[in-house]
Structures are given as structure tokens and as C-alpha cells.
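Here is how names work: the chains are called A, B, and so on, in the same order as the sequence lines, proteins then strands, and each is numbered from 1.
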Amino acid sequence: MADMTVYRARKVITMDPGRPFAECVAVRDGRIVSTGTIESMQPWLTRYSHEIDDTFAGKIIMPGFIDPHTHFAFSSSYLTMHYVGPIDSPGPQGINKGLLTRGEVMAKLQEAADSDPDPNAPVIVWGLDPASQGGNLHRDELDTIKTKRPIWVISYAPHFIYLNSVALEKAKIPDNTNVHGVMRYPDGRLNGQFVELEAGRLALGAMREAIAVRGGADGIKRMADIARQAGVTTTAEMIFGKGNFENEWKLYSQIVPADDFPLRMGLVSLELGLHADHGAGGADFLLKAMKRSSDKLFFHGVKFLSDGSFPAMSLRLNFPGYLDGSNGIRNDIPWDELHERMLPYWKAGIQIHCHANGDEAVDATLDALARLQKLQPAFDHRFTIEHYCISTPDQARRLKALGGCASVNNYFVHYRSQLHSNEGFGPDRSEAVARLGSLEREGVVFALHSDYSLVLVPLHPLTAAWAAVNRVALDGKTVMAPGERIGVERALRAITIDAAYVLGADRKLGSLEPGKLADFTILEEDPFEVDPMALRDIKIWGTVLGGKPQPA
Amino acid sequence: MITDRSETEEARKVNPLAGKETLSMLMGIFEAARVVPRTAPSLVLPLTIISGFLGAGKTTLVNRLLSDPGGRRIAVLVNDFAAVNIDEELIRFQSGDTIGLTNGCACCSINGDLVNAIQRLVDRDEPPDAVVLEASGVADPRGIAQVALANPAMRLDSIVTLVDAETFPERLRDDRTRSTVVSQLTAADIVAINKMDLAGKRQRSEILGLIEASAPGRTLVETSHSNIPAEVVLGATGRASSTFMCAPADHVGGFSSTTRSWQHPLHREAMLQALRRLPPYVIRAKGIFSFEGEQDTRYVYQRVGTREYLDALQGSSAPHAGSELVLIGYADHWNEPELAALIS
Ligand SMILES: [Zn+2]
């Protein structure tokens, strides 16, 4: 077998601004030896045995895409949850319209059942109001929904749960059960209704089990496949150790290092979890845990939170606040204590990531960073504000002055900004969501991320780049705050080298340079040549991870 | 489509808060699917939920339990979800084992944090003897109860709902608070009425009538300053049942107890039937039983109001024929001969 493989391509985009383009990449032992042309590589090729691989001859090689903020371990169930309630209710995809009749409810149930072809995927529907929507559902009625999938319907107030026959089978309710609230037809047959706590526990226990068997290792592998098909080679789990640190480590360390797992993964530990387990010793514990890291699975940084979520409209805003005069939630640690909790990590040189969605929370986060800088000044600390959805130009300038970075969920520009113009944040802030132009003008390093699967946007870095370049809203034509658009090159940086930077991994990842890990995204078209509006439509052949091709 | 007007009117009556509670409950169950081990639990912890509207005295009760837990190690989970709940500050400085629930990950709500906090308790080298959860003052406690019970290592001991006698009738009349207050009452196994000492005779019977109309058949405890002993809220421990007996029986909020023991195995059905006929002034019953024909197994029995729990006692290796029963109840109506006749 040859020492080196030389991949020839239509074009190699290195994301090394000094040597931006090439024709081939030479790889040895999973790492890059050289980029250039066959001719330019001759000094290597004459010294090492090699083979030339033309699999990508007509394609584009880019550094593997990096999504630096994901949540693969979270159940994706609630993204696929369906709503049948009688009043309008905000959901991840926008406002769920209230349903007025039983007929509409049944049609929605059928639609929910048809939404996933997997016969094992639970159908979880909530919101039924028996008083206004035709009474309680029951098993025989639910069985008229044509599906092999188990169905759980939860009433609008958390009192009733209704199961179809498939779900009842999963719940394994003994026929002779005398648990209060397990309801029956007059002939004694279970009618699928569960009322109040003890009975609800049985029904929801079966639902939890149905979700759990699809979570864990299987769930993470499914999500990794979604990422691979989107051209991603590295993600970072942004809330690690929320439940049990060692159990979660066991799960990841069994899955991620395996040869057939298609991604590298960073694990960013939640400070709340470290604090609960180790008190003031959290930073020391994390430093020790970092010794377990490998190139495929590595501990990186610590995560704090300062406010609520963008789609759930619980982020914190400065004046004039929300349209309805309300405001969102602060998170966990009081804002004026945030820097104290961050200090041990700051001192230990552990990179800090702090969730801040709204401008008031961004201020609080910047205040914490300013206090840290006063207590112990530092360069190259890469303190990163996560999400950075609603911000102001002065905040970008201050972030630069304090030496911080941003990891931005900019998918919302497309998917939600118009919606929140009327609902929640008002027109000004909704239009200017994800101010990437301001960050670029101030010279702040920033990355783009999806937050998948906690919010309902695709995990698809080319879509993030597309949204960054075009800022086209959901109506397909309105450009939201055109002054916050960025160019294609900057957008591609934000899903490769600059994303590696905010993960502290730019020595090894993010660009195609000698010595770096041979992670590529293989595209069918050149993102610099296509119409910027077609960026997200570029076909992705697949990825190469550590020199090993992984077709999508 | 033409919309039937009456239907829209009906739909408008839906309380959007209830929807939020349901969503939050579902988030909690999803989180439980992620963090709760799928193996059978090796222990079962009793859970007591303290419910009641804002200002009803939940924090005072929690503080009392912490300062006088009756020989138990209790862990208290405090819900600081509502911005209006400034009570958490008060609790934070108690010496006991208090865990302030937080919004956890902002994306997945307080209930995600509850799931994690409970799992941490279960995973402890020395788990607590009892878990107390303070529910939000503005919520139906069922949602959070359902989330706590998503962990198979938890057993619901009881829901105790506190009522402020002074403000209760008004809360019940007010459209904005009625449904929450009623849901807290109907969820309760024990309704504890605070400030009854300040109420006159007529007010007292009005309040009792209102509670009976909203949530019939609940076990009622009248008290002031949430002065209810741990034995009533959490049930009896073997050793501590005398600590509250000195409470003057003629005083509102006084409680009595009695203990029975048997050296011979009991007839299972006869005993259970008798316990189901206990008069309403008995708030709690706790027993350790040996039944005829099952000498190798001992059972633990708990009864609160109408909620009943019977299970084989974990880790009871040495066969032991003895049985014991502790009854706790309301001193005002305590009738020792009646109890003696019922449970012999
Ligand atoms: Zn996140």
C-alpha cells in the first residue's frame, strides 16, 4: 500500500487565505501533507510512494464543515411533536393554528401519523380540549387513524392521556389492573384513556420508554448521519454532563471513537452540572477530564447560560422590550455573580461559552467578560457568546474590545425573523437578528451554528452560509437588514476555519494546510461560482474524515 | 369555513397557562427519556409535593420541614420558576439539603432540571429518606408531579396543598385565579388550611364548605403558620412519632397518633379492608406488615387520604413475624376507642 493518497479535484478550496485554491490534496496517515498541483507536490511525490485518487476529479474539495453548537443527545421528540389544541399556540415552526372541530383534530392526527414513515416512531400530539373539541378521545376512535405507529395524545391541560391500540400494547397494562384512572369500555376492555397521576404515569412511562429506545446511542448515530449528509465533519455538544457526567461520557466514548461514526465531536460541559457535582472544584475536574480527549472525541470548554430562547420567546430584551410589554427569563446564575462562577475556568485557561440570545443578556454577558478581564487580564481567551441573536452594533464593538468571539444562530434570519416582527420582538429587532455584518466590521471572529436539535432549523451549514449572504426571509423575497449581510468567503470561514477557532481547534481543523487532519467536505459545485441564492442547493457528495471517504 | 360561534367562545375559555404546563411536562418527560437509566431502580424514594397558591405558606412549611425533619434526611427541591416567587431567597439559607431548581437549559424548561436533580438524588451514595418538592404557586401540581414520577425510583407519597384562609374565598371568586386554585385542591391528598385561627366560626364553615364543594373528600388539616409536623406531611418514621404528641389536643393544629403492634402474622385482606375504612380524621397510616402465608416477606404500607401504597419491603432478609401500624390524625376528632375497634 502506498504511503500517500493524492486526491485530485476540479478545485480545492483551502480556506488558507495565503494559498486559497489548489488542484489536489496529498494525505498521509489521516493528515494533510501538501496542497497544490501534481507538479508543485513533486518534492513529496518523489520521496514517498503514492497513489492518485480521482474519485473527486469533477468535484470541489473544501475543509470539512464544522457546526460548533449542536445537541445530539437531546431527544428530538419535541421537534416532531404535533399540536391539536383549540387556541393558537406558538411552536418551533411558527404559530400552530387552533383547531375548532373534531374533524380537524382527526385530520391533524392522520397528518401527524403520516409525517414519519418509521413505524416505530412514536406519534406525540398535545392540546386536545375535550370541552370544546368533541369530548374525550378513546382507543377505537384513535384506531381509525391509519398507521402502525403508537399514538399518544395529551390533553391541553395535563390531565388526560389517550393511547391507540399500538401504544396500549407498548404500555403493557395488565388487563386486571386496578390502578385508579385507567379507563375501560363498558365491556371491561381498556379504552385507551388515562386520567390523573397514577394512570398518567403508566401511559407517559410507556411514552418515555418509546422515546428512550430511539435516543441514546441510536439517536446520536441518527443525528450524526444527518450531519454527515450535510457535509459536516465536526460538531460540538454544547450541553454536556447535564444529567450524569460519567454516564454521558460512557455513552459518547462508546459511539464516537468507533471507525464507522462519521464525525469528530467536541464536548462542552455545562457549568451547572459541574457545579452540582464538584462545587468550586469544577474547573480542576474538567482539566483532568480533558486528558481523556482524542482527535475524534475531545473535551473543550465550559458552558454558561444567561437567558432564554429565541423561538420560545424567552430571551431577555432591553427597552422597549417585547411587543406585549413582557420580558423573557434570566437563567440560573444571577447576572452579577456570573463572572464569579466563570473565574475558576478563566484562570484555568478553559474556554468559556456563554449562551445569550437577547441584547439585555448580551450586555450581562459582556459585563461578566469585562469583570473577568479586570480580575485577571487575558489574551486569546476566546470567550464566546453563543447564539448572539438580538444584539446592537455597540455590543459587537465591545465584544471586540474585550477579545471575545461569537457563535451565531443565523438560521433564524430566514426561518423566523418575519414571524417575530408581529409576535414577540417587534420589527426592528426581528429584522436585525444575527448581526453578522456588524461583527465583521468590528473584526470579531464568528461562527455559524444550528443548535440542532433544540430548535427547528435544519443542520445544514450551507443553508447557514446562504442565509448569512442573502438574509432572505421566509417569503422568499424580503431582504432583512441588508447591511448585516456578509460575503461568501466570510460565510464559508464561519462554517470552517472560524468555527474551528471558536472550538479552540484551529490548529488541527478548519482549513486544508499541511499537518492538519484530513477532513473534507466534497461538493458538486463551487460555492464561489454559483449564484449566491443557490448556495444552499449545492449538492453534497459526502465527506472525508481523517483521509477516509464517507459518501453521503 | 363557517365557524360555529359557540365553539369559538368555548375555545376562548381555555386557560393558556394550562397549555404551558402541559408543554413543560412533556419537555420534562423527554428529558427523563434521556437521563433516567432504563434498568429497574434499586431503591424507591417517597415524594411529597407541596402545592398551594402564592402566599399560602409553602415556604414556611418547607422551612419547618428542614429545621425539624423528624429524624429523616430529606431533600427539598424548590421551584423558583415564577419570577414572582421571591421565597427561594428565604429557603436558600437553611442548613438542610435544599436544591434550588433552575431553568436549567433555557431551551428545555424547569422540568428538565427537575429530572436531572432527581436523578442526582437517586444516584447519591447516601440518597435521602424523602424528597419534598415545592410546586409553583401559579401551577397545577400535576404537571410537575408527573415529571418527578417519570423516574421509576420515585413513589408519590402525597400532594399537600396549602390554603390561606384569609385570601382563599377571594381567589376562588376571581376568574383569573379560580382554575389554578381549584386544580391545586383537586390534586391534593391533604389540604392544609392556614390562618384558621384568625377565622371566625362562620368564616370557618364557609371556607370548609368551599373546599368541600371544589374538592370533596380531601383530608383537611387546620393550622396556622404552616405549623404541621413532619409526621403529617411526610408520614411517620418508626422512631419520631412521639415528638408531636405533646401538641395540645385542644388547639387548632394539634395532632394525635397511635401505634399498634402484633407479634403474629396478619390476615392480609382483613387488614387492608380495615385500613380503607379509617375515619377521615386519620390523616396518615404507615405500617410494616407480615401477612399469613407469606412469612418470608414483610410489607410496607402507606396511606394518605385515599392514596394507598403497599409493597414488599426492600432488603428485609431476616424473617420476622412482627407487624406495626402508626396512625396519625387530627386531635380534635381523635377517637381512640373507635380506632381500637376498627384495627384490632
Ligand atoms: Zn444550545
| field | Contact class of B/Gln146 relative to chain A, heavy atoms under 4.5 angstrom | value | both
| task | Answer with side chain, backbone, both or neither: which region of A/Ile154 has an atom nearer than 4.5 Å to a non-hydrogen atom of chain B? | result | side chain
| query | With the threshold set at 4.0 Å, does a side-chain nitrogen-carboxylate oxygen contact exist between A/Asp307 and A/Arg330? | reply | no
| said: Using a strict threshold of under 4.0 Å (side-chain N to carboxylate O), is an ion pair present between B/Arg303 and B/Asp189? | reply: no
| query | Between B/Glu308 and B/Arg276, is there a salt bridge with N-O shorter than 4.0 Å? | reply | yes
| field | Structural part of A/Leu315 lying under 4.5 Å from a heavy atom of chain B | value | neither
| query | Just wondering, do A/Ile333 and A/Glu271 contact through their side chains at under 4.5 Å, heavy atoms? | reply | yes
| note | Cut-off 4.5 Å, heavy atoms of chain B, and the answer for A/Asn357 is neither
| task | With a 4.5 angstrom heavy-atom cut-off, could you sort out which part of A/Ser155 is near chain B: side chain, backbone, both or neither? | result | backbone
| query | What residue in A/Gln133, A/Glu198, A/Glu196 has the most heavy-atom pairs under 4.5 Å with chain B? | reply | A/Glu196
| field | Options B/Leu149, B/Val36, B/Val35, ranked by heavy-atom pairs under 4.5 Å with chain A, top entry | value | B/Leu149
| said: What part of B/Arg142 gets within 4.5 angstrom of chain A, counting heavy atoms only: side chain, backbone, both, or neither? | reply: both
| said: Please determine whether a side-chain nitrogen of the Lys or Arg among B/Asp311 and B/Arg155 lies less than 4.0 Å from a carboxylate oxygen of the Asp or Glu. | reply: no
| Salt bridge check: are A/Glu248 and A/Lys242 linked by an N-O gap of less than 4.0 Å? | no
| request: Against chain B, work out which of A/Glu209, A/Arg201, A/Lys303 has the most heavy-atom pairs shorter than 4.5 Å and name it. | output: A/Arg201
| For A/His159, is it the side chain, the backbone, both or neither that has a heavy atom under 4.5 Å from a heavy atom of chain B? | side chain
| note | Among B/Ala187, B/Ala32, B/Pro37, B/Ser183, the residue with the most heavy-atom pairs under 4.5 Å to chain A is B/Ala32
| request: Return the orientation label for the B/Tyr299 and B/Phe291 ring planes: parallel under 30°, perpendicular over 60°, tilted otherwise. | output: tilted
| query | Between A/Phe240 and A/Phe245, what is the ring plane arrangement, given parallel below 30°, perpendicular above 60°, and tilted in between? | reply | perpendicular
